[in-house]
Amino acid sequence: MSRTTDLPLTRPAAVARRRARARRRRRWGDRLVLYALALIAFVILAGPLLWMISSSLKTQGEVLANPPSVLPSDPQWGNYSQVFRQVPFGRYLLNSLLVASVVTVVALLFHSMAAYSLARLRFPGRQAIFMAILSTLMVPFTVIVIPLFVIVDWLGWVDTYAGLIIPMIPHAFGIFLLRQFYLSLPRELEEAAIVDGASLVRVYWHIVLPLSRPILAALGVFFFLANWNNFLWPLVVTQSQELWVVQLGIQQFTGQYGSQYHLIMAASTIAALPTLIMFFVFQKRLVEGIKMTGLKG
Amino acid sequence: VSATAVQTRRPRWWRTRRGQQWLVGYGFLLPDVIGLAVFVGLPILGAFYLSFHDWSGIGAREFSGLENYDTLIQDKAFLHSLKITAIYTFSFVPLLYVFSLSLALLVNQGLALTGFFRSAFFAPFMVSLVVASVVWSFMLQDPAGVVNSIIGLFGISPQPWLGSTRFALVSVIVVTLWQAVGYSMIIFLAGLQDIPRVYYEAARIDGAGPWHRFRYITLPLLRPTTVFVLIISFIGAFQLFDPIFVMTSGGPADATTTTVYYIYETAFEFLQLGYASALSVVLFAIILLVSLFQLRVFRDEPDH
């Protein structure tokens, strides 16, 4: 910086310098606006979640106080144990965990098998089967809820784990995505194994499946999330409280405990925590999954 | 001359390379194909079948021909529910587009703490719509909810959000936007990051300002992403159910009775499974038609 003061500036250089300074100042202004916008968006989007957690630690008197207190004056950790004492929330959590994990694991296995078959094997009717599978994508779930319930009732699965789990497994989108992925894989490894005398099942299990680990992980996080957060199907297919999943449990709890918002917020936090934790652990995979799939529940 | 010699020359068909392909090919497809047939295919046929019947879920199904369809075109409650669904959808989808694209642009500016902001913006999507509805119902309490406290700071008197016919649907739009915006933001962000930087550099050299760069590079190149987001969010919006069930039960005075909620009530509360199936078929037709229309519109428009 000393050089600039020592040497007399030529006119164009001075102008350029002044311009640069102005631009930098303008950029600073822009940045400031952007940060302000980001902060507003943060308050609106993350605020309700933070408010939920904060309210879950307040007393009943404090939770709807006017003006509201941002933080609980004396955190009531007991609210959480009270939720667990008053309703079988542990049971709901376990049910959700069971349903979401079984659906995810079985769906990933079935979809990758079907996708491998469609992408690699030659047999009559393959294209037609693929088109038929794709066509089921056009059917929104809400449109088939009633007949699906009737079918599940025929099978005797209403109010059973089978009824909660099995109809949620088939999903054309998973098959479609995995098929695309397998088509993009180089065939050399598989062909070498076949030349060496490996059966197709072995090739699938020992070569294709391990190669698809990243995409399976991304899809898996997504399936788990969609099933954990599912509400309409569990609402329709279960009656007894022992089978309720978290989403049903929280909805019922809200009805029962009407104005005890400190407990309702504690229950909400319990219901939200598993997926929020999952998010912070698997964030990368989840974002990959969304970019790849863009599929939602 | 012995049988074994023949066998070594011509193995059984299922041991041939081709036989293996058939066997494993069909075998691997079987679980998912059966699943899709029973739990998606059959229900589609079932919806049509039930829609021509009168049925309470128990007892005999009575064939009623087109009577259900005849009833529904005069069913004021159904038409009202379509109107509510349309108002919701055509408010939700454009707002979702604007907000999620803005957020994606915002976290694509290389601000400090970008990762932190992105995670925070995305976090609501991890919460189920049920929990989102419960939390917002609490915040929208009248008069002591936090939303009323905040608008009170600006001198606005407390509003009975979910209890008023004017604001109940607005509240539902806000809650679902809050929950869904992070998801579309991630999709737009992926689309933005796919745009080659050289385009922007070339435009800058040509003297294009930020608005021109956005208008003539970002928007056109983001087109496939936009089409995807619009169609997906449209289909989702048309099926809105969870927040209605949890927050408003369709009220007050049917101000938030969406079509799917009306179908749910008809089927599982009034036990008119045949009539509800006819409503579902009509809903299906509408979703399909509008989706195809959207695809056409977007495809026909010339690329820039």
Side-chain angles (χ1 to χ4, degrees), chain A residues 34-35 37-38 41-42 45-46 48-49 51-52 64 66-68 110-111 113-114 116-117 121-123 126 129 133 136 138-140 142-144 146-148 150-151 167 169-170 172 175 200-201 229 231-232 236 247 250-251 254 261 264-265 268 271-272 275-276 279 283 287 290-291 294 296, chain B residues 20-22 24-26 28-29 31-33 35-36 39-44 46-47 50 103 106 109 111 117 119-121 123-124 126-128 130-131 134-136 138-139 141 144 146 149 178 183 186-187 190 228 232 235-236 239 241-242 246 260 267-268 273 276-277 280 283-284 287-288:
Chain A
L34 289 177
Y35 277 110
L37 286 173
F42 176 83
L45 288 164
L49 292 175
W51 187 247
M52 166 184 84
L64 275 177
N66 202 359
F110 284 3
H111 295 351
M113 279 164 52
Y116 171 67
S117 167
L121 305 180
R122 302 262 165 278
F123 50 88
R126 189 184 59 157
I129 296 174
I133 291 175
T136 63
M138 292 189 310
V139 185
T142 50
V143 166
I144 56 166
I146 297 164
L148 186 61
V150 174
I151 289 166
I169 291 171
I175 304 174
L200 292 172
V201 178
N229 287 345
F231 177 65
L232 178 56
V236 169
Q247 309 305 333
I250 183 98
Q251 190 268 327
T254 310
Y261 275 105
I264 292 173
M265 287 304 111
S268 300
T275 45
L276 283 174
F279 169 52
Q283 191 170 7
V287 169
I290 293 176
K291 287 177 183 169
K296 184 180 182 182
Chain B
Q20 279 287 303
Q21 296 249 339
W22 287 31
V24 177
Y26 289 127
F28 271 20
L29 272 173
D32 255 348
V33 166
L36 284 170
F39 299 116
V40 185
L42 204 56
I44 300 169
L50 287 176
L103 285 177
L106 188 59
Q109 297 292 324
L111 299 181
F117 281 125
S119 301
F121 298 166
M126 297 306 289
V127 172
S128 71
V130 174
V131 170
V134 170
V135 171
W136 277 89
F138 161 59
M139 298 202 309
Q141 281 294 303
V146 69
S149 308
W178 175 78
Y183 171 79
I186 296 287
I187 298 179
F228 177 78
I232 289 285
I235 293 173
Q239 299 186 70
F241 175 78
D242 300 2
V246 176
V260 171
F268 297 106
L273 292 180
S277 296
S280 304
L283 177 69
F284 182 31
I287 293 177
L288 208 59

**Request:** Quick one: closest heavy-atom pair of B:Val134 and A:Met265, and the distance?
**Result:** O-CE, 3.9 Å
**Message:** Set out, in order, the CA-CA distance, both residues' side-chain angles and the distance that settles side chain to side chain contact (heavy atoms under 4.5 Å, CB included) for A:Ile133 and B:Asp32, then state yes or no.
**Reply:** CA-CA 9 Å; A:Ile133 291 175; B:Asp32 255 348; over 6 Å; no
**Item:** Contact winner vs chain B - A:Thr254, A:Ile129, A:Leu232, A:Val201, heavy-atom pairs under 4.5 Å
**Value:** A:Leu232
**Item:** Contacting moiety of A:Gln247, where chain B heavy atoms sit under 4.5 Å
**Value:** both
**Request:** Could you have a look at A:Ile250, A:Leu276, A:Ile264 and say which one has the most heavy-atom pairs with chain B under 4.5 angstrom?
**Result:** A:Leu276
**Shortest non-hydrogen contact from A:Ser117 toward B:Gly25** = OG-O, 2.7 Å
**Prompt:** Has the side chain of B:Gln239 got a donor or acceptor atom that lies under 3.5 Å from a matching backbone atom of A:Thr142?
**Reply:** yes
**Item:** B:Val131 to A:Ala272 - nearest heavy-atom pair and separation
**Value:** CG1-CB, 4.3 Å
**Item:** Heavy-atom donor-acceptor pair, A:Trp51 side chain to B:Met139 backbone, under 3.5 Å
**Value:** no
**Request:** Check the angle between the aromatic planes of A:Phe42 and B:Phe117 and answer parallel, tilted or perpendicular using the 30° and 60° thresholds.
**Result:** perpendicular
**Request:** Heavy-atom pairs under 4.5 Å with chain A are the metric here; pick the option from B:Ile235, B:Val246, B:Ile287, B:Ile44 that has the most.
**Result:** B:Ile44
**Message:** Quick check on B:Val260 against chain A: is it the side chain, the backbone, both or neither that has a heavy atom closer than 4.5 Å?
**Reply:** side chain
**Fill in**
Given A:Ala41, A:Pro48, A:Pro167, the one with more heavy-atom pairs under 4.5 angstrom with chain B than any other is A:Pro48
**Asked** Is there a side-chain contact between A:Ile169 and B:Phe39 (heavy atoms, below 4.5 Å)?
**Response** no
**B:Gln21 side-chain N/O to A:Phe123 backbone N/O, donor-acceptor pair under 3.5 Å** = no
**Request:** Answer with side chain, backbone, both or neither: which region of B:Val40 has an atom nearer than 4.5 Å to a non-hydrogen atom of chain A?
**Result:** both
**Contacting region of A:Ser268 [heavy-atom separation from chain B under 4.5 Å]** = both
**Message:** To check you understand the geometry: which heavy-atom pair defines the closest contact between A:Ile146 and B:Ser280, and what is its length?
**Reply:** CD1-OG, 3.9 Å
**Request:** Identify the two heavy atoms, one from A:Met138 and one from B:Phe284, that lie closest to each other, and give their separation to 0.1 Å.
**Result:** O-CE1, 3.4 Å
**Request:** Over all heavy atoms of both residues, which pair between A:Leu37 and B:Leu106 is shortest? Give the atoms and the distance, please.
**Result:** C-CD2, 4.1 Å
**Complete:** One should read off an interatomic distance between B:Leu36 CG and A:Thr136 OG1, to the nearest 0.5 angstrom, of 5.0 Å
**Message:** Run the side chain to side chain contact (heavy atoms under 4.5 Å, CB included) test on B:Val127 and A:Leu49 for me, step by step, so that the C-alpha distance in whole Å, both residues' side-chain angles and the decisive distance to 0.1 Å come before the verdict.
**Reply:** CA-CA 9 Å; B:Val127 172; A:Leu49 292 175; 3.5 Å; yes
**Message:** The test is side chain to side chain contact (heavy atoms under 4.5 Å, CB included); show your working for B:Leu50 and A:Val150 and say whether it passes.
**Reply:** CA-CA 10 Å; B:Leu50 287 176; A:Val150 174; 4.2 Å; yes
**Fill in**
When rounded to the nearest 0.5 Å, the distance separating OG of B:Ser149 from CG of A:Leu64 is 9.0 Å
**Prompt:** Is chain B contacted by the side chain of A:Ile151, its backbone, both, or neither, given a heavy-atom distance below 4.5 Å?
**Reply:** side chain
